[in-house]
Amino acid sequence: MRTFLRNSEDSARRNGLTPQRYLLLLMIKGAVDGTERSTVTDLCQRLKLGQSTVTELVGRAHDVGLIERSSDAHDGRVAHLYLTVEGENRVSNVVMELRGDRARLVAMFAEPPRL
């Protein structure tokens, strides 16, 4: 299992993402409601991190052009976070690089447990 985690981190770095930033982008892209957007509050819950930590991660990702913010039409206090084209490209590259690892994981869990 360690190899899979290491491969994920290495792939993220090759694509100009820290492992934390890769996970942040994945959480936004893979929003539970299928909208491919998220809020800081949603990310705090999903990542199990404090608001200040998530706010800092979001700010840094925004500063380097990986995510955009837009105000909610009904509640101006809420900002929705979306991936930019650059963010999409980088996270997509990592996901594509890790196809083989995902297939191996699926195969491992498909096998009956050894006793």
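Residue numbers start at 1 and run along the sequence shown.
- Put simply, OG1 on Thr18 and CZ on Arg13 are 7.5 Å apart, with the number rounded to the nearest 0.5 Å.
- By the 4.5 Å heavy-atom criterion applied to side chains, Ser8 and Leu98 are counted as neighbours.
- Atom CD of Gln51 has 12 or fewer neighbouring heavy atoms from other residues, nucleotides or ligands inside a 6.0 Å radius.
- Taking the side chain as every heavy atom from C-beta outward, Arg102 and Val95 approach each other to under 4.5 Å.
- Atom-to-atom distance recorded for Thr35:OG1 and Lys29:NZ is 10.5 Å, nearest 0.5 angstrom.
- Expressed to the nearest 0.5 Å, how far CG of Leu43 lies from OG of Ser38 amounts to 3.5 Å.
- Each of Leu81, Thr84, Leu83 was checked for a side chain to side chain contact (heavy atoms under 4.5 Å, CB included) with Glu68, and the lone residue meeting it is Thr84.
- Side-chain contact between Arg46 and Val32 is present, with at least one heavy-atom pair separated by less than 4.5 Å.
- By the rule that hydrophobic residues join a cluster once side-chain heavy atoms approach within less than 4.5 Å of another member, Tyr82 and Leu57 end up as members of separate clusters.
- Taking 4.5 Å as the limit, some side-chain heavy atom of Met96 sits within range of a side-chain heavy atom of Ser92.
- The closest side-chain donor-acceptor pair between Asn7 and Glu97, if any, does not fall under 3.5 angstrom.
- For the pair Asp72/His80, a side-chain contact is recorded, criterion being any heavy-atom separation below 4.5 Å from C-beta on.
- Hydrophobic clustering, with ILVMFWY side chains joined whenever heavy atoms are under 4.5 angstrom apart, keeps Val78 apart from Ile28.
- Using a 4.5 Å heavy-atom threshold, the side chains of Val40 and Cys44 count as touching.
- With rounding to the nearest 0.5 Å, the separation of OG1 in Thr39 from CZ in Arg77 is 12.5 Å.
- Residues Met27 and Tyr22 fail the side-chain proximity criterion, which asks for heavy atoms closer than 4.5 Å.
- Classification of Arg60 and Asp63 as a salt-bridged pair fails, no side-chain N sitting under 4.0 Å from a carboxylate O.
- Between the CG atom of Asn15 and the CG atom of Asp10 there is a distance of 11.0 Å, given to the nearest 0.5 Å.
- Neither Val85 nor Leu17 shares a network with the other; the hydrophobic side chains, linked directly or stepwise wherever heavy atoms of I, L, V, M, F, W or Y lie under 4.5 Å apart, form separate groups for each.
- Val64 and Leu26 fall within a single hydrophobic cluster, where Ile, Leu, Val, Met, Phe, Trp and Tyr side chains are chained together by heavy-atom contacts under 4.5 Å.
- Transitive grouping of hydrophobic side chains (ILVMFWY, heavy atoms separated by less than 4.5 Å) keeps Leu5 and Leu25 in distinct clusters.
- With contacts defined as side-chain heavy-atom distances shorter than 4.5 Å, the pair Leu66/Arg21 qualifies.
- Separation of atoms CG (Leu49) and CG (Leu24) is listed at 9.5 Å; rounding is to 0.5 Å.
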